[in-house]
Enquirer: 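Here it is, the structure in full.
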Amino acid sequence: MENTIIWESPSNIALIKYWGKMGVQLPCNPSLSMSLKESVSRFELTYSPKKAGEPDLIYAFEGKENKAFEKKLSKFIAAVSNDVPCVTKYQLKISSSNTFPHSAGIASSASAMSALALCLCSMQEAIDEMEMPKDFFLKKASEMARLGSGSASRSLFGEYVIWGDLEGLSNSSNYFAIPYEKTIHPIFENLQDTILMIDSSPKKVSSTAGHELMNDHPYADARFKQARQNMADLIDVLANGDFNRFIQIVENEALSLHALMMSSNPSYTLFKPNTLIAIERIKDFRNKTGLPIAFTLDAGPNIHLLYPKAEEKLVQSFIKQEIVELLEDGVYIQDGMGNGPKRIK
Ligand code: DP6
């Protein structure tokens, strides 16, 4: 007997960054992200009773063996086996694919770990022949995804999402993310995200190693305080629609993240020269036109340009005229706010 479950789950882009962790994958400050629409991972999980002498897990990425990622998934599955005990009794065949180019610098661990957490929760339901209440199911999947990758905890929900204990938000938690349910001004609904591909080569320093460097970082305390202040300010801004203030907060978060890398011991830079040139051009364009566009960065050289849907045409022509020449193979990805994961089967 074989059974198959398929989930698609999105990547997300953090506006308030998670950088620094404590305990078992718990964040040192709350973070807030926007879930993407087009950049998703699709996970197909087929399970059958374990047979002696056969491997516990067989994994393929886009049809090809990938032993390095298989090992990461094995570790993740072992870490969540208390939450979904069924994994100890079945052989798992997993195949996955991404809608975005491989190593495009889009957080693939967030979409992958959240999609797999969802598949495993659905498998547990099927084996137990019961359905968990939806809120409980997503909370459980978010908590599991967090163990695979912190930012993955936020990919379980659509639109804006908060992960981490936040004063004044009683259901917020360091253990799982929650959908952002406070007031959102129309200007921030359906925000667009154009991902400018400056460089897709693998990072020299992983995010996990970067988080670790926060442990004895001289600016750690100031950073966690700054993130809390930026979060409080962003919550006001999301309600009142002040896009200029939004730009200040979101860009301060992105540049602070990279400043922390540059001032770590050992120090490192993930910026590329073209990242800085593009940032200068974005600022000049914004000063000239007064258009509401903000940029943010992940732990990498690529830029996420955020702007309201109404400005799409003008921003696209700016990208074509002034930015494309700075991009690797001229590639940029058109994305925007999405509604969260989808069960396909
Ligand atoms: C800069 O979630 O990738 O994107 O928990 O070690 O897997 P691990 O790290 P990860 O860190 C993401 C860092 C960030 C900011 C963010 O997404 O909040």
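Order of listing sets the numbers, starting from 1, for every ligand and every atom in it.
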Enquirer: When you check the side-chain N and O atoms of Ser48 and Lys93, is any donor under 3.5 Å from an acceptor?
Expert: no

Enquirer: Who passes ring-ring contact (aromatic ring centres under 6.0 Å, His included) against His211, sequence neighbours left out?
Expert: Tyr18, Trp19

Enquirer: Would you say Arg146 touches ligand 1, if touching means a heavy atom closer than 4.0 Å?
Expert: no

Enquirer: Please check if any side-chain donor atom of Asn252 sits under 3.5 Å from a side-chain acceptor atom of Gln226, or the reverse.
Expert: yes

Enquirer: Can you sort out which atoms of ligand 1 are near Trp19, meaning under 4.0 Å from one of its heavy atoms?
Expert: 1 (C), 13 (C)

Enquirer: Tell me yes or no: between the side chains of Ser9 and Ser114, is some donor less than 3.5 Å from an acceptor?
Expert: yes

Enquirer: State, without any angle test, whether Ser142 and Ser153 hold a side-chain donor-acceptor pair at a distance under 3.5 Å.
Expert: no

Enquirer: For Asp233 and Gln229, does a side-chain donor sit closer than 3.5 Å to a side-chain acceptor?
Expert: yes

Enquirer: Please classify the Ser149 to ligand 1 contact at 4.0 Å (heavy-atom distances, strictly less than): side chain, backbone, both or neither.
Expert: both

Enquirer: Taking N or O atoms only and a 3.5 Å limit, does Gly150 qualify as a polar contact for ligand 1?
Expert: yes

Enquirer: Give the atoms of ligand 1, by number and element, whose distance to some non-hydrogen atom of Ser207 is under 4.0 Å.
Expert: 3 (O), 9 (O), 11 (O)

Enquirer: What atoms of ligand 1 come closer than 4.0 angstrom to any heavy atom of Ala299?
Expert: 1 (C)

Enquirer: Given His258, Met261, Lys17, Arg154, which one has a non-hydrogen atom that is nearest to atom 16 (C) of ligand 1?
Expert: Arg154

Enquirer: Decide whether an N or O pair under 3.5 Å exists between His211 and ligand 1.
Expert: yes

Enquirer: Based purely on interatomic distance, does Ser31 place a nitrogen or oxygen under 3.5 Å from a nitrogen or oxygen of ligand 1?
Expert: no

Enquirer: Does either side chain, that of Ser108 or that of Asn98, offer a donor lying less than 3.5 Å from an acceptor on the other one?
Expert: no

Enquirer: Assess, by modelled atom type and distance only, whether the side chains of Gln334 and Gln316 contain a donor and an acceptor separated by less than 3.5 Å.
Expert: yes

Enquirer: For Ile13, which part has a heavy atom under 4.0 Å from ligand 1: side chain, backbone, both, or neither?
Expert: neither

Enquirer: Hey, which atoms in ligand 1 end up nearer than 4.0 Å to a heavy atom of Ala14?
Expert: 16 (C), 17 (O), 18 (O)

